[in-house]
Amino acid sequence: MHRGTQEGAMASRLLHRLRHALAGDGPGEAAATPEAEQFPESSELEDDDAEGLSSRLSGTLSFTSAEDDEDDEDEDEDDAEAGPDPLPLGDGTSGEDAERSPPPDGQRGSQLLARQLQDFWKKSRNTLTPQRLLFEVTSANVVKDPPSKYVLYTLAVIGPGPPDCQPAQISRRYSDFERLHRNLQRQFRGPMAAISFPRKRLRRNFTAETIARRSRAFEQFLGHLQAVPELRHAPDLQDFFVLPELRRAQSLTCTGLYREALALWATAWQLQAQLGTPSGPDRPLLTLAGLAVCHQELEDPGEARACCEKALQLLGDKSLHPLLAPFLEAHVRLSWRLGLDKRQSEARLQALQEAGLTPTPPPSLKELLIKEVLD
């Protein structure tokens, strides 16, 4: 495809996605039915022709090239499993087993679009009020993990944030999306009735066309969920975005792989900030504990102390919270190391110990992090 065609297709697709990110509808848009206004496109994409599809996705999505015909006979494990399966603990997050897409142009195109969308947020922050996040499948990799074979979709989550903030990226399989859809259907039958989801297939799961159709369908599916306030803050949606990263980060921290864990803790923190935390502060506090531990182990006491201060702000006057004393103890120790004032945290920790609310010395953040069960 010529470079001009790619740029034109990318601009058209960018304009389409930006329109859905703005508050309200423009005066020139047609209004057929309430459902049509809220969900203008079907996630099934059954009527898309292959040529139009490739034009819309050019420069946006990169994926591994289709296998030979005999691979189409292989049954995708995500499509074959009808029952629920546990969320993966980062299997493929690192992409070590994935067959990465070789063309560098596709990667550059996806990064370019992500930067364009982020620039849009920055420029429009003073004049527009975005209603929801944007989602972009930037790559899709076929992973062979005998006897399984599946497609791993990399999803960029783009939304308001600091000017220099890069979009958070997560990797999910078809079964993760399907589980989210199934759980939300059970809990929110009314709102979910208007939201479509790409059907399972028994053949041709690894062709470029199928991967591209599903990628675009997943973007629309998540965008529709974000458009409904009742679904936007559903715990299952929060779990879909954050829980696999938290579990993997916890596992890496426990095994001493602090640098790898730090990147996952940071992604989880960014996602929670974008999604909001209606269920309470426990997950953000656990994330801050992970960040503090990793920064400390990587000899960055300043960042570790900053994480402790954020956690203490979230905790407020909750003297009975099990993480309060460990954060206070870490803050005192890091402040002493940096030569900063530690008197307030020291006095508060001493008051907790005198009241018998925490042992002397209190458990460390790392000890609590290892014992925490993420469910």
Would Leu225 and Tyr153 show up in the same hydrophobic cluster when neighbours are defined by side-chain heavy atoms closer than 4.5 Å? yes
Using only heavy-atom distances, determine whether the side chains of Glu329 and Ser364 contain a donor-acceptor pair under 3.5 Å. no
Does the pair Glu367/Lys371 count as a salt bridge with the N-to-O cut at 4.0 Å? no
Would you sort out whether Leu180 and Leu237 count as a side chain to side chain contact (heavy atoms under 4.5 Å, CB included), showing the intermediate values? CA-CA 7 Å; Leu180 172 63; Leu237 185 59; 3.8 Å; yes
Between Ser139 and Thr154, a side-chain donor and acceptor under 3.5 Å: yes
Check whether Ser148 reaches the backbone of Lys144 with its side chain - one donor and one acceptor, N or O, closer than 3.5 Å. no
Is a donor on one side and an acceptor on the other found under 3.5 Å between the side chain of Gln238 and the backbone of Ala234? no
Salt-bridged, Glu178 to Lys200, with N to O below 4.0 Å? yes
Report, as yes or no, whether the 6.0 Å neighbourhood of atom CD on Gln344 holds more than 12 heavy atoms from other residues, nucleotides or ligands. no
Should Arg216 and Val137 count as side-chain neighbours, where that means a heavy-atom distance under 4.5 Å? no
Please answer whether the main-chain N or O of Val332 pairs with a side-chain N or O of Ser335 as donor and acceptor at a distance below 3.5 Å. no
Pair Gln350-Glu346, side-chain donor/acceptor within less than 3.5 Å: no
Answer with yes or no whether the hydrophobic clustering places Leu246 together with Trp269; edges join I, L, V, M, F, W, Y residues whose side-chain heavy atoms lie under 4.5 Å apart. yes
Please check: side-chain N/O of Glu297 versus main-chain N/O of Gly256, any donor-acceptor pairing under 3.5 Å? no
Side chain to side chain contact (heavy atoms under 4.5 Å, CB included) evaluation trace for Trp265 with Thr253: CA-CA 10 Å; Trp265 288 122; Thr253 304; 2.9 Å; yes
Any idea how Phe218 and Tyr174 line up, ring-wise: parallel (<30°), tilted (30 to 60°), or perpendicular (>60°)? tilted
With the threshold set at 4.0 Å, does a side-chain nitrogen-carboxylate oxygen contact exist between Arg348 and Glu354? no
Is the closest side-chain heavy-atom distance between Leu133 and Leu222 below 4.5 Å? no
Closest non-hydrogen atoms of Ala292 and Ala304, given as atom of the first, atom of the second and distance, are O-CB, 3.5 Å
For residues Leu369 and Ala289, report the shortest heavy-atom separation together with the two atoms involved. CD1-CB, 4.2 Å
Could you tell me whether the side chain of Leu231 reaches within less than 4.5 Å of the side chain of Ile195, counting heavy atoms only? yes
Would you call Arg283-Asp239 a salt bridge at under 4.0 Å N-O? yes
Taking the side chain as every heavy atom from C-beta outward, state whether Phe240 and Asp236 have any pair of such atoms under 4.5 Å apart. no
Where do Leu315 and His321 come nearest, in terms of heavy atoms and distance? CD2-CG, 3.5 Å
Go through it in stages, so that I can follow the logic: the residues are Gln274 and Val157, the test is side chain to side chain contact (heavy atoms under 4.5 Å, CB included), and I'd like the CA-CA distance, side-chain angles, deciding distance and then a yes or no. CA-CA 9 Å; Gln274 290 178 326; Val157 182; 3.5 Å; yes
Closest non-hydrogen atom pair between Phe221 and Ser196, with its separation: CD1-O, 3.7 Å
For the pair Leu312 and Leu324, evaluate side chain to side chain contact (heavy atoms under 4.5 Å, CB included) and give the outcome as yes or no after the intermediate values. CA-CA 7 Å; Leu312 293 174; Leu324 176 58; 3.8 Å; yes
Going hydrophobic residue to hydrophobic residue with side-chain gaps under 4.5 angstrom, can you get from Leu275 over to Leu314? yes
May I ask you to check whether over 12 heavy atoms, not counting those of Asp341, lie within 6.0 Å of atom CG? yes
State, with a plain yes or no, whether a side-chain heavy atom of Leu262 is found less than 4.5 Å away from one of His295. yes
Thinking salt bridges, do Glu245 and Arg172 make one under a 4.0 Å N-O criterion? yes
Keeping Arg305 on the side-chain end and His331 on the backbone end, is there a donor-acceptor pair under 3.5 Å? no
If every non-hydrogen atom of Thr210 is compared with every non-hydrogen atom of Arg204, which pair is closest and at what distance? OG1-O, 2.8 Å
Under 3.5 Å: donor-acceptor pair, side chain of Thr267, backbone of Ala263: yes
Would you call Arg173 and Asp176 a salt bridge, taking side-chain N to carboxylate O under 4.0 Å as the test? no
Using side-chain heavy atoms (C-beta onward) and a distance below 4.5 Å, is Leu374 in contact with Leu286? yes
